[in-house]
K.L.:
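Please see the structure below; I have some questions.
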There are 2 protein chains.
Amino acid sequence: MATNEDNVFKALADGSRRALLDRLRVCNGLTLNELCEGHEMTRQAVTKHLAVLEAADLVVTKWRGREKLHYLNPVPINEIYTRWIGKFERGRLQALDNLKEALEEDRHE
Amino acid sequence: MATNEDNVFKALADGSRRALLDRLRVCNGLTLNELCEGHEMTRQAVTKHLAVLEAADLVVTKWRGREKLHYLNPVPINEIYTRWIGKFERGRLQALDNLKEALEEDRHE
DNA sequence: TAAATATGCAACCAAAGGGTTGCGTTGTCA
DNA sequence: TGACAACGCAACCCTTTGGTTGCATATTTA
């Protein structure tokens, strides 16, 4: 079952987009204009970033008159966490051991 | 203090690179040639991907004769998890509530 | 030492990304 | 109704990215 994994990772790859998510995390339901404030780019650039976030289902929008409200959807991030990051977290100490051991060998050779 | 956050997110944005990390998670210390097996690209393409992973400190290498061994470094992923994903996980239920509430309004209007 | 193996380096290419500008559309309000 | 405000669409541009091919270098091994 192919999840949205790739879209989510790609969406998170850009710092501006992560900043937008951060804004929404703190203050959910902002309009496009509000999201533009504090960013040094045009509205259209922000629009494009939001489109990427929407495509990844990280942001859900809703119209209120002429305003577009943006809501954070925490589900995709949670999925990335549970089914991808989780795998690495589980084997984390083991991997650290492997690494240390491998680097240690050099000192003895 | 600027961490390697951006490099890590960018490195994780590509599916081939995530696959390489997965391989190393299961079988740490693989050589370049071994990592090339099963991938439908040239050795040079894999080399480039590994370079990106190294730049993000997700992979650490060590030479054994003419072979280059690749080890997974779990630290950056853990940092992303604790200091970025964590923020969103903490406000997760709240964000879900916001979202549901916003979508519910439509049905009553 | 010669051949084979494992990897690096550099040039090149097409496609994707992040950004801009210009203009059109829709909703609000005096 | 007319002006303004919030947003969408599309063309264009430069840089980055993911990939290739060709050749060089270093280490084994026969």
Side-chain angles (χ1 to χ4, degrees), chain A residues 4-24 27-71 102 105-106 109, chain B residues 4-24 27-71 102 105-106 109:
Chain A
N4 210 13
E5 185 177 284
D6 200 58
N7 283 338
V8 175
F9 273 115
K10 283 214 162 69
L12 295 181
D14 186 273
S16 300
R17 287 196 288 268
R18 293 197 302 276
L20 288 170
L21 289 179
D22 264 330
R23 296 269 306 276
L24 290 179
C27 186
N28 220 346
L30 291 176
T31 69
L32 172 59
N33 260 343
E34 288 168 337
L35 283 170
C36 286
E37 292 167 10
H39 283 270
E40 296 193 347
M41 24 177 176
T42 55
R43 175 177 54 86
Q44 280 75 4
V46 176
T47 298
K48 281 193 181 183
H49 282 307
L50 288 170
V52 174
L53 292 171
E54 269 192 80
D57 203 30
L58 284 160
V59 163
V60 174
T61 63
K62 174 191 166 186
W63 284 93
R64 184 180 62 191
R66 62 181 163 179
E67 291 178 319
K68 194 179 193 180
L69 307 184
H70 298 76
Y71 292 90
E105 286 176 23
D106 292 331
E109 280 167 357
Chain B
N4 210 14
E5 186 176 283
D6 198 60
N7 283 338
V8 175
F9 273 115
K10 285 214 161 70
L12 295 183
D14 186 274
S16 300
R17 287 195 287 269
R18 292 198 301 278
L20 287 170
L21 288 180
D22 263 331
R23 296 270 305 276
L24 290 180
C27 187
N28 220 347
L30 291 176
T31 68
L32 172 59
N33 260 343
E34 288 168 337
L35 283 171
C36 286
E37 292 166 11
H39 282 270
E40 295 193 346
M41 23 176 177
T42 55
R43 176 177 54 85
Q44 279 76 1
V46 175
T47 299
K48 281 194 181 183
H49 283 306
L50 289 170
V52 174
L53 293 171
E54 270 193 79
D57 203 30
L58 284 160
V59 162
V60 175
T61 62
K62 175 192 166 185
W63 283 94
R64 183 179 63 191
R66 64 182 162 180
E67 291 179 321
K68 195 179 191 181
L69 307 183
H70 298 76
Y71 292 91
E105 285 177 25
D106 292 330
E109 280 167 358

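Here is how names work: the chains are called A, B, and so on, in the same order as the sequence lines, proteins then strands, and each is numbered from 1.
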K.L.:
With a 4.5 Å limit on heavy-atom distance, are the side chains of A:Arg64 and A:Lys62 in contact?
P.N.:
no
K.L.:
Whole angstrom is fine here: how far is it from CH2 in B:Trp63 over to P in C:dT7?
P.N.:
7 Å
K.L.:
CD of B:Glu40 versus C1' of D:dG19: gap in Å, rounded?
P.N.:
14 Å
K.L.:
What is the distance, to the nearest angstrom, from the CD atom on B:Glu54 to the P atom on C:dG8?
P.N.:
8 Å
K.L.:
Taking C-beta and beyond as the side chain, do B:Thr61 and B:Leu32 meet within less than 4.5 Å on heavy atoms?
P.N.:
no
K.L.:
I'd like to know if A:Lys48 reaches the base of C:dG19 with its side chain such that a donor and an acceptor end up less than 3.5 angstrom apart.
P.N.:
yes
K.L.:
Classify the side chain of A:Gln44 versus the base of C:dG22 as yes if they form a donor-acceptor pair under 3.5 Å and no if they do not.
P.N.:
yes
K.L.:
From D:dG8, C:dT21, C:dG8, pick the nucleotide closest to the side chain of B:Thr47?
P.N.:
C:dG8
K.L.:
Between C1' on C:dG19 and CG on A:Asp14, what's the gap in Å once rounded to a whole number?
P.N.:
11 Å
K.L.:
Tell me what B:Arg17 touches on the nucleic acid: a base, only sugar-phosphate, or nothing, going by heavy atoms under 4.0 Å.
P.N.:
sugar-phosphate
K.L.:
What is the distance, to the nearest angstrom, from the CG atom on A:Asn7 to the P atom on C:dA16?
P.N.:
14 Å
K.L.:
Between B:His70 and A:Val46, just flag the one whose closest nucleotide in DNA chain C comes earlier from the 5' side.
P.N.:
B:His70
K.L.:
Could you check if a side-chain atom of B:Glu54 sits within less than 4.5 angstrom of a side-chain atom of B:Val59, using non-hydrogen atoms only?
P.N.:
yes
K.L.:
Could you tell me the separation between the CG atom of B:Leu50 and the C1' atom of C:dG8, rounded to a whole number of Å?
P.N.:
13 Å
K.L.:
Rounded to the Å, how far apart are B:Leu30 CG and C:dT7 C1'?
P.N.:
16 Å
K.L.:
What's the NZ-P distance between A:Lys68 and D:dA5, to the nearest Å?
P.N.:
21 Å
K.L.:
Among the nucleotides D:dG8, D:dG18, D:dG19, which one has an atom lying closest to any side-chain atom of A:Leu32?
P.N.:
D:dG8
K.L.:
At less than 3.5 Å, do the side-chain atoms of A:Arg43 and the base atoms of D:dG8 form a donor-acceptor pair?
P.N.:
yes
K.L.:
Looking only at side-chain atoms of B:His49, point me to the closest of C:dG8, C:dT5, D:dG19.
P.N.:
D:dG19
K.L.:
Just compare C:dG18, D:dC7, C:dT20 and give me whichever is closest to any side-chain atom of A:Ala45.
P.N.:
C:dT20
K.L.:
Looking only at the side chain of B:Asn33 (C-beta and beyond, no hydrogens), which of the listed nucleotides D:dT20, D:dT27, C:dT7 gets closest?
P.N.:
C:dT7
K.L.:
Among C:dT28, D:dT20, D:dG8, which nucleotide sits nearest the side chain of A:Arg66?
P.N.:
C:dT28
K.L.:
Which heavy atom of A:His49 sits nearest a heavy atom of A:Ser16, and at what distance?
P.N.:
NE2-CB, 3.9 Å
K.L.:
With a 4.0 Å limit, can you tell me whether A:Thr42 has a side-chain N or O closer than that to the phosphate oxygens OP1/OP2 of C:dG19?
P.N.:
no
K.L.:
For the backbone of B:Leu12 and the side chain of B:Arg17, can you confirm whether one donor and one acceptor N or O come within less than 3.5 Å of each other?
P.N.:
no
